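One structure is given below, encoded as structure tokens.
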Amino acid sequence: EKGGYDWFMLKEIAEQPQAIADTLLGRLSERGEIILDEVRLTDQDLRDVDKVFIVACGTAYHAGMVAKYAIEHWVRIPCEVELASEFRYRDPILDRSTLVIAISQSGETMDTLMALRHAKEQKARVLAICNTNGSTIPRESDAVLYTHGGPEIAVASTKAFLTQLVACYLIGLHLAQVRGVMYSDEVAAVVEKLQATPDSLRTLLSRMDDVRALGRDLRTASTVLFIGRHVGFPVALEGALKLKELAYMHAEGFAAGELKHGSISLIDDGTPVVCVVPSPAGRGVMRDKVVSNIQEVRARGARTIVIAEEGDEDVRQFADHLIQVPHTPTLLAPLMTTVPLQILACEIAAARGNDVDQPRNLAKSVTVE
Ligand code: F6R
């Protein structure tokens, strides 16, 4: 049932292009409008929204972090992302014009459910992004967008993450369109870019042999650090989470610019640092800043593992290992850059003799707070 793969996780990683395509299927009307699933919110409700909160846990929280960049950029309303387990203790300011987006693969995560209930008590509107039909979180929400990732068996989330990203992009585009900040042709242009990602991802997945070899080589590392900026920052956090979860190894993700404010002293001779480089096409300045950060860590002895876009040949000189990913617009790049990190974590964990699909101390769905 693992379809010839050693682990469900590898099978699910390989299913990602299809999962993205399925999640996009039938979402764009002939008039160029985004079609969501169960939306018991009127367009007027969505026009009245003046603030978005995203609540989620773990990997789904990282998807929410990416969504913040997309929603604020496209919709031009403030969007906050918060760990579901912390949300209600802060006494967040919520009302009828707040949209709370709860992201959950299982739809049963207790922390996320409790955050959702708190939001509803304060009269906020709640929209769920979920992979499990009829589960508790979508049942209790005002609207649902299902990710069509299919069942995820491995405890570590992979295809659910990418489909959560797709769902977040669709919601961002929908909000922008309904509120008149983006025209249908602009929305359609982004959807077209999204529709191209499964093919790019297939190409990327066919070239992962070097990443596997690198994974085996890193199995004895005592720590691995991950850095990124903008949407590359949540990708760095996700890469570190996968590694901790599967390889039982110390790993940490940082906003690339934060390193110099303290954590750079962790870097010693040979410390592996995974660097997520933005596309030079989109935001050249940001890409150059990340490249400077790579040089900074390298000057202190880091072994740099650089994830950069094809054609960005200038980064090669700063990379001990270069992993090239196909071009995607900056906001959509996590759909590419996350994937080598999933494979890296899987490979390191397997090389350490761990059960990749069932890491110790973890359950697939976390129904306690
Ligand atoms: C990590 C992982 C977890 C989940 C988190 C939320 O690989 O799988 O961090 O993402 O427990 O789960 P859901 O999305 O089911 O609410």
Side-chain angles (χ1 to χ4, degrees), residues 7-13 15-16 19 23 54-67 81-87 100-117 119 126-141 144-168 226 234-249 251-253 334 338-339 341-349 354-369:
W7 304 103
F8 278 109
M9 183 180 175
L10 284 175
K11 175 171 177 268
E12 288 160 8
I13 288 172
E15 285 167 353
Q16 293 184 112
T23 302
I54 301 178
V55 292
C57 306
T59 290
Y61 171 73
H62 297 152
M65 285 180 74
V66 174
V81 197
E82 186 140 358
L83 292 167
S85 57
E86 286 293 320
F87 187 63
V100 172
I101 303 178
I103 310 176
S104 174
Q105 186 284 129
S106 62
E108 300 297 346
T109 301
M110 191 55 75
D111 287 316
T112 310
L113 181 61
M114 288 305 172
L116 178 167
R117 286 185 181 158
V126 179
L127 192 160
I129 293 176
C130 185
N131 196 41
T132 314
N133 247 293
S135 55
T136 313
I137 288 171
R139 271 207 321 269
E140 295 200 13
S141 301
V144 192
L145 179 63
Y146 282 108
T147 51
H148 298 157
E152 199 179 54
I153 312 261
V155 164
S157 190
T158 54
K159 61 178 178 170
F161 178 65
L162 295 203
T163 59
Q164 283 161 354
L165 291 177
V166 170
C168 290
F226 294 74
V235 170
L237 295 178
E238 175 62 8
L241 177 62
K242 284 283 152 319
L243 197 54
K244 288 182 270 199
E245 179 178 17
L246 300 173
Y248 321 149
M249 208 183 217
E252 209 171 328
T338 309
V339 175
L341 306 187
Q342 297 169 339
I343 291 181
L344 195 65
C346 182
E347 207 59 52
I348 297 176
N354 297 356
D355 183 338
V356 171
D357 289 334
Q358 294 279 342
R360 68 187 183 197
N361 309 341
L362 287 167
K364 183 68 186 162
S365 119
V366 185
T367 52
V368 290
E369 267 187 278

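First listed ligand is number 1; within each ligand, the first listed atom is number 1. What you see is a predicted model, and the numbers here were worked out from it, not measured in a lab. Note that these values count all heavy atoms, side chains included, but never hydrogens, waters or copies made by symmetry.
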Within the 4.0 Å heavy-atom shell around [X], which atoms of ligand 1 are there?
| X | value |
| --- | --- |
| Ala60 | 10 (O), 14 (O) |
| Gly58 | 9 (O) |
| Lys242 | 1 (C), 7 (O) |
| Ser104 | 13 (P), 14 (O), 15 (O), 16 (O) |

Side chains of [X] and [Y], donor plus acceptor under 3.5 Å:
| X | Y | result |
| --- | --- | --- |
| Thr158 | Lys242 | no |
| Gln16 | Gln342 | yes |
| Glu108 | Thr136 | yes |

Protein contact of [atom] - nearest heavy atom, named by residue and atom, plus distance:
| atom | value |
| --- | --- |
| atom 11 (O) of ligand 1 | Val366 CG2, 4.3 Å |
| atom 3 (C) of ligand 1 | Thr59 N, 4.0 Å |
| atom 14 (O) of ligand 1 | Gln105 N, 2.6 Å |
| atom 15 (O) of ligand 1 | Ser106 OG, 2.7 Å |
| atom 16 (O) of ligand 1 | Thr109 OG1, 2.5 Å |
| atom 5 (C) of ligand 1 | Cys57 O, 3.5 Å |
| atom 7 (O) of ligand 1 | Glu245 OE1, 2.7 Å |

Mark the output for Val155 as yes if a heavy-atom distance to ligand 1 is under 4.0 Å, and as no if none is.
yes
Apply salt bridge (Lys or Arg N to Asp or Glu O under 4.0 Å) to residues Lys159 and Glu15 and explain how you reach the verdict.
CA-CA 7 Å; Lys159 61 178 178 170; Glu15 285 167 353; 2.8 Å; yes
Only counting residues at least two apart or in another chain, list the ones meeting salt bridge (charged side-chain N to carboxylate O under 4.0 Å, His left out) with Glu140.
Arg117
Using the rule given for salt bridge (Lys or Arg N to Asp or Glu O under 4.0 Å), can you reason through Lys244 versus Glu252, listing the C-alpha separation, both sets of side-chain angles and the distance that settles it, and then say yes or no?
CA-CA 8 Å; Lys244 288 182 270 199; Glu252 209 171 328; over 6 Å; no
Heavy-atom distance under 4.5 Å between the side chains of Ile129 and Cys168, does that happen here?
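In contact.
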Find out whether Leu341 and Val339 are in side-chain contact, i.e. whether some heavy atom of one side chain is under 4.5 Å from a heavy atom of the other.
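Sidechains of Val339 and Leu341: no contact.
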